[in-house]
Amino acid sequence: MITLGIDEAGRGPAIGEMVVAAVAVTEAQALRLRALGVADSKSFGAGARAKSRRAELAAAIGDIADFAQLEVATVEVIDERVTRGELNVLERELATALIVRAEQRSGPCARIVADGTAVFGPLSSRHPALEAHNGGEDVHIAVAAASVIAKAKRDALYAEICARYADDFGEIRGGGYLNDATRAFLVAYAKLHGRLLPEARRSWPYPFLATYVTHELRID
C-alpha cells in the first residue's frame with residue numbers, strides 16, 4: 001500500500017524559485033523515515049544546522065522512499081502565473097506531474113495526501129485517492145518527507161543566489177522572504193545597480209525600492 005505525500009517550499013518569498021515535491025512510501029518505509037526523525041521542514045528552524053539536517057534527511061528520504069521527486073518553478077514562471085492569478089493553478093499542475101510520475105513508477109497510490117486544502121483540494125476530482133489537509137505533515141509522514149526534500153532543494157537554490165552576490169554584499173540573510181534582512185539586501189542592490197535583483201519576483205510589490213528603481217517595479 002503506497003501513500004504519496006505532496007508539499008511545497010518557496011511559495012511566499014520575493015527572491016528565488018518555488019519547489020513542489022512528492023514522496024511515496026510503503027508503511028514499512030514510513031516507519032523508517034519516522035525513526036530517522038523526519039518531520040515538517042519548518043520544525044528544524046532556519047539556521048545553518050537546520051539546513052544541514054534537512055539536506056541530510058533529504059538524502060536519506062531519496063534512498064528509502066519508493067519515489068521522491070521535485071518540480072521547480074522559476075521566477076519567470078511564477079511571475080507569469082501570479083500576474084494571471086494562477087499561482088494555485090501552477091502548484092496543482094506541478095503536483096499533477098508528480099502524481100503521474102509516481103504512479104507510473106509504483107502503480108496507483110492507495111492514498112495521496114497533500115498539504116493545503118485551498119491549493120490542492122481541487123485535484124481530488126481528478127484523483128479520487130487524494131485528500132488535502134492544512135497541516136498535512138501531521139496527517140502522514142510522506143507529506144513531512146515531501147516538505148523536507150522541497151525545502152532542502154529550495155535551501156540549495158537560494159544558497160546559489162547568495163553565493164553570486166557574496167563578494168559585493170557579504171553574507172545575505174533572510175531566506176528571500178520580505179523581512180528586514182531581505183529588504184536591506186534588495187535596497188543595497190538597487191542602490192548599486194539602479195534596478196531590481198534579477199532573481200527577485202517582479203510580481204511582488206517593492207514600495208521601499210521606489211527611490212532607487214524607476215522601472216520594472218510594482219509598488220502597490
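It should be emphasised that the depicted structure is a prediction, and the values quoted were computed from it without experimental measurement. We're numbering straight along the sequence, starting at 1.
Between R81 and the choices E91, E93, E76, the salt bridge (charged side-chain N to carboxylate O under 4.0 Å, His left out) rule is met once, by E93.
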Practice problem: Begin from the C-alpha positions of L186 and I15 and carry the test side chain to side chain contact (heavy atoms under 4.5 Å, CB included) through to its verdict. | Solution: CA-CA 9 Å; L186 290 172; I15 301 173; 3.9 Å; yes
Exercise. With side chain to side chain contact (heavy atoms under 4.5 Å, CB included) as the test, would you mind laying out the steps for V139 and R111 before giving the verdict?
Key: CA-CA 11 Å; V139 175; R111 190 181 185 194; 3.4 Å; yes
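Other cluster members for L57: V19, V23, V25, L33, L36, V38, F44, I61, I64, L70, V72, I141, V148, I149, L157, joined by side-chain heavy-atom distances under 4.5 Å among Ile, Leu, Val, Met, Phe, Trp and Tyr.
Listed by chain and residue number, nothing satisfies the salt bridge (Lys or Arg N to Asp or Glu O under 4.0 Å) test with E160 (two or more places apart in sequence, or in another chain).
Residue R173 qualifies as open at atom CZ: its count of foreign heavy atoms under 6.0 Å is 12 or below. Under a cut-off of 6.0 angstrom, the local environment of CZ in R32 is sparse, with at most 12 non-hydrogen atoms contributed by other residues, nucleotides or ligands. Within 6.0 Å of the CG atom in D180, the count of heavy atoms belonging to other residues, nucleotides or ligands does not exceed 12.
Ring pair Y189/Y165 is perpendicular by interplanar angle, where above 60° counts as perpendicular and below 30° as parallel.
Note on V77: it clusters hydrophobically with W204, by side-chain heavy-atom contacts below 4.5 Å among ILVMFWY residues. At a threshold of 4.5 Å between side-chain heavy atoms, the hydrophobic network of Ile, Leu, Val, Met, Phe, Trp and Tyr places V75 and V89 in two separate groups.
Looking at S52, its side chain never comes within 3.5 Å of a backbone N or O of R49 through a donor-acceptor pair.
Cation-pi geometry between R183 and F208 is satisfied (NZ or CZ under 6.0 Å from the ring centre, within 45° of the ring normal).
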